[in-house]
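Just follow the structure's listing: the first ligand is 1, and inside any ligand the first atom is 1. Start at 1 with the first residue, then count along the sequence.
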Amino acid sequence: MSAIRHDFRSDTVTRPSAAMRAAMAAAEVGDDVYGDDPTIRRLEAVLSERVGCAAGLYVPSGTQSNLIALMTHCGRGDEYIAGQQAHCYVNEAGGAAVLASIQPQPIANQKDGTIALGDIEAAIKPDDMHFARTRLLALENTIGGKPISLDYTKDATALAHDRGLATHLDGARIFNAAIALGVEAAEVARGFDTVSVCLSKGLGAPVGSVLCGPKDFIERAVRNRKILGGGMRQAGIIAAAGLFALEHNVDRLAEDHALADELAAGLSQFPALAVQPAATNMVFVEVSGADEEAFTAFLADRGIAMHSRYGRQRWVTHLDVGAADVAAALAAVAAFFA
Ligand SMILES: *Cc1c(COP(=O)(O)O)cnc(C)c1O
């Protein structure tokens, strides 16, 4: 396999630009465990305001952000409802169960990424000693590259609140959702008590997420961050990259979406590929008419990488791929099928 030259594996592969690195080098810092880091303070204030929350907490990863949210909403023996495909259920190594004695109640996602309201309703347990206490509904937007509609979000969060549940949004890619839906991020977050946002996906920061919510919630979340080892010191150095990303890399996500459209249209020309149109920055491809492993290996030999598993590929566009990379990928795909 040759070196990767056109990297469509994930929007996490972006590297900080020279300008972002300059902002990091110039960052004013302090000891954040003492609450002294002005750059982190600013990042928490700026991002929480953008998603319509009163307070924010800077954490090392999206996984830790979701786990802190679950730990702060739920106690030992409580449960949270999440989609079977939700990152916090399926892709975070079972952290809520392993570290916090919180039981997941996964529910099959519908084709559009939502969880049917009737399924949520049916999964909320009555107060009975046989059952875990259902405390939280956790949704994700975007999920599998798909934006979830505001109407659905409104209904699902209202249902949860009516039944006494709290609501959490895994908004790792909330700005992709906002652009796809044509609204501000705060609209996407409306109805949720807490929101987690990743800075290290399409926004292009090297590290970091921010958990946002009400002030008293975030005050309790600080203790859970400490338990998990996420209290950082002069981390304004990396938080500066997050501030830079919010200032420069949000609106341009639309370019990633357009490029994903272009890639999807190009791949659709090949009858052996069943292509799911890109709603944001991800294209999913079922390789039905060819040997998927041979196909992926052929592309890898030409420096083209995507995520592939069980005969299904995921191509992601981001800050560090452009039209030339899409052209190179489509040319290689054409060569394979020629
Ligand atoms: C990437 C991702 C996370 C976790 O973020 P890490 O920083 O990789 O831990 C959580 N939720 C979703 C939807 C993600 O895509």
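- Residue contacts with ligand 1, taken as heavy atom pairs separated by less than 4.0 Å, do not involve Ile143 at all.
- Listed for the Asp37 side chain is no donor-acceptor partner under 3.5 Å among the backbone atoms of Val29.
- A side-chain N or O of His161 and one of Thr167 form a donor-acceptor pair less than 3.5 Å apart.
- Counting only heavy atoms of the protein, atom 13 (C) of ligand 1 lies nearest to Glu140 OE2, 3.2 Å.
- Residue-ligand proximity, Arg173 to ligand 1, at heavy-atom distances under 4.0 Å covers atoms 15 (O).
- For ligand 1, the polar-atom distance check against Ala172 finds no nitrogen or oxygen pair separated by under 3.5 Å.
- No donor-acceptor pair closer than 3.5 Å links the side chain of Thr142 to the backbone N or O of Ala177.
- Atoms of ligand 1 found under 4.0 Å from any heavy atom of Asn66, numbered from 1 in the order shown, are 10 (C), 11 (N).
- Taking only nitrogen or oxygen atoms, main chain and side chain alike, Ser209 does not reach within less than 3.5 Å of ligand 1.
- No donor-acceptor distance shorter than 3.5 angstrom exists from the side chain of Gln103 to the backbone of Glu79, with no hydrogens or angles considered.
- Short contacts between ligand 1 and Cys198, defined as distances under 4.0 Å to a heavy atom of the residue, involve ligand atoms 5 (O).
- A salt bridge links Asp32 with Arg225; the closest basic N to acidic carboxylate O contact falls under 4.0 Å.
- On a distance-only criterion, Gln64 and ligand 1 share no N/O pair closer than 3.5 Å.
- Atoms of ligand 1 found under 4.0 Å from any heavy atom of Ser61 (numbered from 1 in listed order, with element): 7 (O), 9 (O).
- Taking atom 2 (C) of ligand 1 as the reference point, the nearest protein heavy-atom neighbour is Lys201 NZ, 2.3 Å.
- Judged purely by atom type and a 3.5 angstrom limit, Arg314 uses its side chain to pair as donor or acceptor with the backbone of Arg9.
- A side-chain N or O of Asp112 and one of Thr114 form a donor-acceptor pair less than 3.5 Å apart.
- Using modelled atom types, one side-chain atom of Thr134 and one backbone atom of Lys125 make a donor-acceptor pair closer than 3.5 Å.
- Any N or O atom pair closer than 3.5 Å counts here, and Thr142 shares no such pair with ligand 1.
- Less than 4.0 angstrom separates some heavy atom of Thr63 from each of these atoms of ligand 1: 4 (C), 5 (O), 6 (P), 9 (O).
- Proximity of the aromatic rings of Tyr89 and Tyr80 is defined here by a centroid distance below 6.0 angstrom, and this criterion is not met.
- Counting only heavy atoms of the protein, atom 11 (N) of ligand 1 lies nearest to Asp170 OD2, 2.6 Å.
- Protein heavy atom in closest approach to atom 7 (O) of ligand 1: Gly62 N, 2.8 Å.
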